[in-house]
Amino acid sequence: MRQKLVVANWKMHGSLAENKQLLSDYLHQLPTLHTAQVVVCVPYPYLAQAQAMLQNSGIAWGAQNLSKDAVGPYTGEVSAAMLKDFGASYVIIGHSERATAYCESDENIATKFMQAQAHGLTPILCVGETLIEREAGVMQMVVAKQLDTIVKLHGASVFANAVVSYEPIWAIGTGLAASAEQAQSMHEFIRGKVAALDASAAASLKILYGGSVNPQNAVQLLAMQDIDGGLIGKCSLNAQEFEKICLAAA
Ligand code: 13P
C-alpha cells in the first residue's frame with residue numbers, strides 16, 4: 001500500500017507574517033493525520049522559516065524549483081545542496097508555470113531531477129497536457145514524451161525514489177479540475193509506462209494529481225486506485241481547506 005502524500009505548493013504567495021500564521025494553523029490542524037504524509041513547498045526565502053517551524057513536526061518541507069547545476073557562476077540560481085542546508089526533503093520540478101515562462105526544456109528538467117536525487121531530495125516531477133492537446137486526443141503522447149526524456153537519460157529505476165504529479169495545464173488555477181476518471185486514466189497510463197520498464201519502481205511510485213483540487217472534489221479524486229495524493233495550489237493557502245483535502249487523503 002502506498003501511503004498518501006499531500007503537497008502544498010504555495011507558489012509566489014506569502015510573507016514572514018502570513019506564513020507564520022499559516023504554518024501554525026497547519027501545525028494545529030494536521031498532526032492528527034497519521035495516515036497521509038504532508039509536505040509544504042515554500043518560496044526559497046522562506047525555507048529557513050519553514051525549517052524553524054516544522055522541524056520535529058510530522059510535516060516535511062521543500063522548494064518549488066532548483067538549479068540544474070551543482071555549483072558555479074549562475075546568478076540567481078539555487079542549488080540542491082543549498083536546499084538540503086535548510087532541511088528540505090522535496091522539490092517540485094518542471095511545473096508548467098515555470099516550464100513555459102522560463103523555457104525549461106525536457107532535458108533541463110531531467111537534469112534537475114537528477115540533481116535533486118543526487119543530493120537526497122525527492123523530486124516531484126510535474127507532467128501534463130494543454131487543453132488543445134487534450135482536445136486533439138494526444139495527451140498520453142505528450143505525457144509519455146515528458147517521462148521519456150528522463151527514462152532515456154537515466155533509466156526507469158530512478159522513479160523508485162521520485163514522485164510524479166499529473167497536472168493538466170487546463171486544470172491549474174482554473175477551478176476546472178480533471179474528473180476522477182480522467183485523472184485515474186492518465187495515472188494508470190503513467191504507472192503502466194514505468195511498469196513496462198521497471199515493475200518495482202512503478203509499484204512504489206507515488207503519482208499525485210494537481211489542478212484545482214478542493215475539499216469537494218478531493219474525496220473522489222483521492223479515492224482512485226492510482227491517485228496517491230495531490231499537489232495543491234490555491235487551497236493550500238487556507239489551512240481549513242487544506243486540512244479537509246488532507247483528511248480526504250487519509
Ligand atoms: P491550483 O490548485 O491553484 O489549481 O494549482 C495547482 C498547481 O499548480 C499545483 O502545483
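Source: prediction; values computed, not measured. Ligands are counted one by one from 1 in listed order, and the atoms in each one are counted from 1 as well.
Of the N or O atoms in G173, one or more lie within a sub-3.5 Å distance of an N or O in ligand 1. Not one N or O of E97 is nearer than 3.5 Å to an N or O of ligand 1, by distance alone. Residue contacts with ligand 1: T174 is placed with no nitrogen or oxygen under 3.5 Å of a nitrogen or oxygen of the ligand (distance criterion only).
Shortest contact from atom 9 (C) of ligand 1 to any protein heavy atom: E167 OE2, 3.0 Å. Nearest protein heavy-atom neighbour of atom 2 (O) of ligand 1: G233 N, 3.0 Å. For atom 3 (O) of ligand 1, the nearest protein heavy atom (residue, atom name, distance) is K234 N, 2.9 Å. When hydrogens are left out, the protein atom nearest atom 5 (O) of ligand 1 is K11 NZ, 3.1 Å; that is the closest non-hydrogen contact.
Within ligand 1, counting atoms from 1 as listed, the ones closer than 4.0 Å to a heavy atom of N9 are 9 (C), 10 (O). Atoms of ligand 1 lying under 4.0 Å from at least one heavy atom of G211, given by number and element, are 4 (O), 6 (C).
Residue L231 touches ligand 1 through backbone and side chain together, judged by heavy-atom distances below 4.0 Å.
Taking CD of E241 as the reference point, atom CG of N214 lies at 7.5 Å (rounded to 0.5 Å).
Residues V163 and V38 do not share a hydrophobic cluster, defined by chaining ILVMFWY side chains whose heavy atoms lie under 4.5 Å apart.
Applying the salt bridge (Lys or Arg N to Asp or Glu O under 4.0 Å) rule to K11 yields the partners E97; only residues at least two apart in sequence or on another chain are considered.
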Contacts under 3.5 angstrom, residues 139-146 side chains, donor-acceptor by atom type, not counting sequence neighbours:
unit_1: K145; atom_1: NZ; unit_2: D106; atom_2: OD2; d: 3.1
unit_1: Q146; atom_1: OE1; unit_2: G128; atom_2: N; d: 2.9
unit_1: Q146; atom_1: NE2; unit_2: G128; atom_2: O; d: 3.3

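In this structure, a donor-acceptor pair under 3.5 Å is present between the side chains of D25 and Q21. With 3.5 Å as the limit, one finds no donor-acceptor pair spanning the side chains of Q55 and W61.
Side-chain atoms of E243 never come within 3.5 Å of backbone atoms of Y26 as a donor-acceptor pair (strictly under, hydrogens ignored).
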